[in-house]
Protein chains: 2
Amino acid sequence: MKSITDCTACPLRKSEVFRSLDARELGFVASMKSGEMRVAPRTRVLDEGVNSPHVFTVLSGWGLREKSLADGRRQILNFVLPGDLVGLQAAMFDAMDHSVEALTDMTLCVFPRREIQRLFHDRPSLGFTVVWHAARNERLLDATLMSVGRCTARERIARALLTIYGKARRIGLSEADGTLSAPITQQHLADALGLSLVHTNRTLKGMVADGLLKWRASRLQLCDEDRMRDIAQMEATAPTALPLI
Amino acid sequence: MKSITDCTACPLRKSEVFRSLDARELGFVASMKSGEMRVAPRTRVLDEGVNSPHVFTVLSGWGLREKSLADGRRQILNFVLPGDLVGLQAAMFDAMDHSVEALTDMTLCVFPRREIQRLFHDRPSLGFTVVWHAARNERLLDATLMSVGRCTARERIARALLTIYGKARRIGLSEADGTLSAPITQQHLADALGLSLVHTNRTLKGMVADGLLKWRASRLQLCDEDRMRDIAQMEATAPTALPLI
DNA sequence: CGAGTCCTTGACCATAATCAAGATATGTGG
DNA sequence: CCACATATCTTGATTATGGTCAAGGACTCG
């Protein structure tokens with residue numbers, strides 16, 4: 001059996017990016033945690049159509065949330081990073097309607113779905129945190145739907161990269177020189193934006209040529225964030241502490 | 001001052017479509033309700049970018065949730081119907097990142113956003129219900145994003161109509177003859193699906209010609225639901241009781 | 001160094017957008 | 001009840017964004 005991270009010594013909580021929990025909240029989370037799961041890249045953490053007995057918090061690594069059609073078409077719904085709560089649907093409905101897949105090695109805290117009920121009753125403040133996560137996710141989806149529905153390829157890419165980059169930087173995943181090591185291929189980006197791989201590639205090249213970004217060997221760098229925001233029609237957002245479960 | 005519906009006599013709760021609350025839950029909801037709001041078609045109930053002090057439950061009427069870009073492009077995120085909870089974001093974040101607009105005359109129960117905090121502490125089971133709504137909304141968004149990102153115009157329309165029709169029928173808005181009176185124009189459908197009005201119109205006509213549906217004078221009828229589901233690649237879902245706040 | 005994955009490019013095609021204008025409804029005030 | 005105004009729907013012509021097909025090149029990793 002692998003060593004399991006104790007919630008009180010959680011590496012994420014140490015960071016000031018995450019909102020700290022009071023002793024009772026922390027105690028509850030610790031009591032709810034039934035284990036830790038480590039998965040390799042390309043592993044499915046949750047499976048569309050299947051009833052999962054677990055809800056997870058991402059401790060480390062990158063993953064993605066996706067949905068597929070019977071004929072193989074797929075849509076990436078969003079990327080998941082440390083601190084994200086995944087599989088909440090499993091606690092609410094009979095079956096998952098999307099999958100979660102690892103992009104890198106991932107470690108996830110495992111919570112039995114039944115404990116979520118108990119969470120609301122025993123630690124209401126954590127219940128509020130769960131909704132916060134759900135609401136935040138909905139915001140992200142709203143923005144992505146707007147992108148995919150109404151924006152050009154270049155705009156979509158600008159929006160997606162700003163979003164991913166912002167999310168990663170916020171939790172300290174970017175380097176001092178402003179680059180970000182992201183395990184994302186152009187195919188991923190295409191599948192997240194409703195574009196074809198070929199068109200994504202060409203558009204991306206154009207943006208590189210225009211000095212907007214660099215992206216070599218899965219190292220992403222936004223060279224001109226201001227101009228990117230202009231294209232994306234997105235404002236910078238002030239960071240607030242992220243509640244972590 | 002208009003007469004306000006008492007929660008214990010709520011017309012929605014009478015219906016067996018909605019999950020009934022126990023006495024304490026009902027009492028809490030009643031105590032939380034600060035008023036009722038009636039709005040005319042095209043009125044904004046919630047405004048993108050603005051901090052709303054209220055959260056609402058739709059009592060009657062149709063509305064939509066939308067998001068706009070500075071240059072006027074807009075994306076309809078989904079349609080809202082009686083029983084839906086709107087503005088939850090207002091209770092979680094500083095500003096709304098989408099708007100809610102009435103399509104018909106609407107009546108909404110008004111809850112002060114601060115009460116949501118209290119709800120979690122005083123009636124945890126209602127907290128669970130709030131998350132249920134958030135999770136359900138996320139499901140809907142996931143499905144729509146998949147539509148807009150990866151489906152053809154005909155598929156998107158089939159999916160959207162099945163979704164809207166299903167949602168409305170479930171709460172008893174459809175007629176005995178299978179028709180549904182929906183206050184939705186082709187422009188709305190286009191804006192919800194990331195399509196142009198012209199292309200939506202042509203695609204719709206083709207579907208009418210193929211005997212899939214009828215849509216005259218804002219009366220929608222799905223003539224061949226099975227075939228629609230084939231096109232949409234969507235299964236029929238078994239209805240469960242909807243929790244209402 | 002060989003296999004797989006990922007990226008790149010060219011040629012061609014299709015779905016859907018845009019532009020423009022006219023036809024039907026729907027609604028309102030006189 | 002009619003005339004006018006506005007919203008919605010319909011259709012044609014043209015264009016463009018982005019998809020598909022195909023194939024070669026460049027990494028990466030064991």
Side-chain angles (χ1 to χ4, degrees), chain A residues 40-42 62 64 69 71-76 101-105 147-161 181-209 213-220 231, chain B residues 40-42 62 64 69 71-76 101-105 147-161 181-209 213-220 231:
Chain A
R42 288 167 186 266
W62 292 61
L64 56 81
L69 248 29
D71 59 21
R73 282 176 284 176
R74 80 150 172 188
Q75 174 71 38
I76 292 176
E101 192 174 304
L103 278 166
T104 62
D105 285 321
S147 280
V148 176
R150 288 296 181 217
C151 293
T152 65
R154 178 175 276 232
E155 289 166 344
R156 290 187 219 182
I157 291 178
R159 293 170 64 96
L161 294 185
S181 174
I184 293 176
T185 66
Q186 296 187 5
Q187 182 69 67
H188 287 130
L189 199 55
D191 284 342
L193 297 179
L195 295 169
S196 70
L197 169 61
V198 174
H199 195 60
T200 303
N201 177 269
R202 285 197 237 264
T203 309
L204 218 32
K205 286 219 107 190
M207 294 174 79
V208 170
L213 61 98
K214 287 176 186 158
W215 189 359
R216 295 217 49 85
S218 65
R219 263 210 126 53
L220 170 67
I231 295 169
Chain B
R42 288 167 186 264
W62 292 61
L64 57 79
L69 248 30
D71 58 21
R73 282 177 284 177
R74 79 150 172 189
Q75 174 71 38
I76 292 176
E101 192 174 304
L103 278 165
T104 63
D105 285 320
S147 280
V148 175
R150 288 296 180 217
C151 292
T152 64
R154 178 176 277 232
E155 288 166 344
R156 289 186 220 181
I157 290 178
R159 293 170 64 97
L161 293 184
S181 174
I184 293 177
T185 66
Q186 295 185 8
Q187 181 70 66
H188 288 130
L189 200 55
D191 284 343
L193 297 178
L195 295 169
S196 70
L197 169 62
V198 173
H199 195 59
T200 302
N201 177 269
R202 284 196 238 268
T203 309
L204 218 32
K205 287 220 106 190
M207 294 174 79
V208 170
L213 62 98
K214 286 175 187 157
W215 189 0
R216 295 218 48 87
S218 65
R219 267 213 122 53
L220 170 66
I231 294 169

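Side chains included, hydrogens not; waters and symmetry mates left out as well; all remaining heavy atoms used. Throughout, protein chains are lettered first and strands after them, A, B, ... in sequence-line order, and every chain is numbered starting at 1.
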Side-chain ([X]) to main-chain ([Y]) donor-acceptor, under 3.5 angstrom:
X	Y	value
A/Arg156	A/Leu193	yes
A/Arg42	A/Thr104	no
B/Arg73	A/Arg150	yes

Heavy-atom closest contact ([X] atom, [Y] atom, distance):
X	Y	answer
A/Ala192	A/Val148	O-CG2, 4.1 Å
B/Arg74	B/Asp191	NE-OD2, 2.7 Å
B/Ala102	B/Ala40	CB-O, 3.5 Å

Output one line per pair: protein atom, nucleotide atom from nucleotides 15-18 of chain D, and distance, for all N/O pairs under 3.5 Å.
from	atom 1	to	atom 2	distance (Å)
D/dG18	OP1	A/Ala153	N	3.0
D/dG18	OP2	A/His199	NE2	3.3
D/dG18	O5'	A/His199	NE2	3.4

Out of A/Ser181, A/Pro183, A/Pro41, which one pairs with A/Trp62 under the side chain to side chain contact (heavy atoms under 4.5 Å, CB included) rule?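 Testing each of A/Ser181, A/Pro183, A/Pro41 against A/Trp62, the sole residue satisfying side chain to side chain contact (heavy atoms under 4.5 Å, CB included) is A/Pro183.
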Would B/Leu161 and B/Met207 count as a side-chain contact (heavy atoms from CB on, under 4.5 Å) here? Give the steps. CA-CA 12 Å; B/Leu161 293 184; B/Met207 294 174 79; 5.5 Å; no
For nucleotides 5-9 of chain C, print each protein N/O atom paired with a nucleotide N/O atom at under 3.5 Å, atom names and distance only.
from	atom 1	to	atom 2	distance (Å)
C/dC6	OP1	A/Arg42	NH2	3.4
C/dC7	OP2	A/Gln186	N	3.1
C/dT8	OP2	A/Gln186	NE2	3.0
C/dT8	OP2	A/Asn201	ND2	2.7
C/dT9	OP1	A/Lys205	NZ	3.3
C/dT9	OP2	A/Lys205	NZ	2.9

Rounded to whole angstrom units, what separation is found between the [atom1] atom of [X] and the [atom2] atom of [N]?
X	N	atom1	atom2	result
B/Leu204	C/dA16	CG	C1'	15 Å
B/Glu155	C/dA16	CD	C1'	14 Å
B/Ile157	C/dT15	CD1	P	14 Å

Check the interface with nucleotides 26-28 of chain C: list each N/O to N/O pair with the protein under 3.5 Å, or write none.
none

If you apply the rule side-chain contact (heavy atoms from CB on, under 4.5 Å), what do you find for A/Leu189 with A/Leu204, and how did you get there? CA-CA 10 Å; A/Leu189 199 55; A/Leu204 218 32; 4.2 Å; yes
With rounding to the nearest 0.5 angstrom, report the CG to OG1 distance, A/Leu195 to A/Thr203.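 Rounded to the nearest 0.5 Å, the CG-OG1 separation comes to 6.5 Å.
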